[in-house]
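Report on the structure given below.
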Protein chains: 2
Amino acid sequence: MFRGITNLNIDTKGRLAIPSRYRDVITTEASGHIVVTVDHTDRCLLVYPMNEWIDLEQKLMKLNNMHRRARNVQRLILGHAHECDLDSQGRILVPAPLREYAGLAKKAVLVGQMKKFELWDAEAWQKQTEAMIEEARSDDFDMDESLNQVSI
Amino acid sequence: MFRGITNLNIDTKGRLAIPSRYRDVITTEASGHIVVTVDHTDRCLLVYPMNEWIDLEQKLMKLNNMHRRARNVQRLILGHAHECDLDSQGRILVPAPLREYAGLAKKAVLVGQMKKFELWDAEAWQKQTEAMIEEARSDDFDMDESLNQVSI
DNA sequence: ACCTATGTGGGGAGAAGTGGGGAATTGTGG
DNA sequence: CCACAATTCCCCACTTCTCCCCACATAGGT
């Protein structure tokens, strides 16, 4: 399970060093194979070890693609999914189109989300955090019922 | 399985270089035979390795063509299908009528969709992406029920 | 204070993408 | 049936990208 947040830099060639504390898991569980794709609602990237990715991919492929909504989710998530293997220094090369999608320049933030990571441009993450706090403050309960069941 | 997005250029002769990471599979599985056809819902092209195309073709031919919808899908998909083999440099020549259908000029985007690729004009893809994000953001659940079951 | 592990940056070889010349093939009209 | 035009395909040249390697900088632990 991936937890926690890491600030890191993407170099001029678009490379990103995966924090070393995660490398062992990724190497053993996924043979160092990583899949990067886009998030379909926010301008950030999702980073999966290959084994976890395969699970998701299977589920997405089973969707009936005669439905527009499902087809579009497939287009976005499967369509942007790119295999990025760890190089000899434990880095991955994030493809240019994906960097553009997420507005990634130099400073980036890697956020552990259990089975995957989210990868944000530092500035975008900053704003997103503020927006999320603001939203959570408001007491309204028109939210997904299941959330009300959780005591934090 | 084809994944990921590639920006590429179509040259003045209408040739398109298939990214090298896919060539091996196409050569071994389909002897380098590729079929290009149109998508029946969007202005983009579909690119199949021959073996996958055969499957689809069989399915489409079995459709009861007394139904207008089915007959039109057959007309579009089967009718526009064109075999485009890899040349010695790993490129295919996209026939002019298909390029026109998809509005393909110079800049194009090749989107891996598991068993096939979608080929979009760069600008059209850009717009499509934005529209898809916008749609995914809206929380309504009028969508295909199966999509709600998937946790991304 | 030293050493090791980790993050960061860049040089350079080789692979991959791009573009055009020109021969071979196909198709069309006379 | 032939001549001409258009298209397709092979080949070569050039540019860009990817990946391996090495080097340094920084931080944390001993």
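Computed from a prediction, not measured in an experiment: that's the story for all the values here. A, B, ... follow the sequence lines: proteins, then strands. Residue 1 opens every chain.
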- Take the angle between the ring planes of A/H80 and B/W125 and call it parallel below 30°, perpendicular above 60°, tilted in between. tilted
Value in whole Å for how far the [atom2] atom of [N] lies from [atom1] of [X]:
X	N	atom1	atom2	result
A/I92	D/dC20	CD1	C1'	17 Å
A/L16	C/dT6	CG	C1'	14 Å
B/R15	D/dC10	CZ	P	11 Å
B/K106	C/dG17	NZ	C1'	11 Å
A/L93	D/dC21	CG	P	16 Å
A/L86	C/dT6	CG	P	14 Å
A/D87	C/dG10	CG	P	16 Å
B/R99	D/dT8	CZ	C1'	12 Å

Has [X] got a side-chain N or O lying under 4.0 Å from the OP1 or OP2 atom of [N]?
X	N	answer
A/S20	C/dT6	yes
A/R21	C/dG7	no
B/R91	D/dC11	no

- Task: Please step through salt bridge (Lys or Arg N to Asp or Glu O under 4.0 Å) for the pair B/E135 and A/R68, ending with a clear verdict.
- Result: CA-CA 10 Å; B/E135 188 177 19; A/R68 196 165 52 89; 3.2 Å; yes
- Distance-only donor-acceptor test (3.5 Å): side chain A/Q89, base D/dC21: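 Answer is yes: a donor-acceptor pair is held.
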- Mind running side chain to side chain donor-acceptor pair (under 3.5 Å) on B/T28 and B/R23 for me, showing each step along the way? CA-CA 9 Å; B/T28 55; B/R23 282 183 208 157; over 6 Å; no
- Would you check if there is a donor-acceptor pair between the side chains of B/R75 and B/N72 at a distance under 3.5 Å? yes
- Item | Residue closer to the 5' end of DNA chain C, A/N7 versus B/K13 (nearest nucleotide) |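 Closer to the 5' end of DNA chain C: A/N7.
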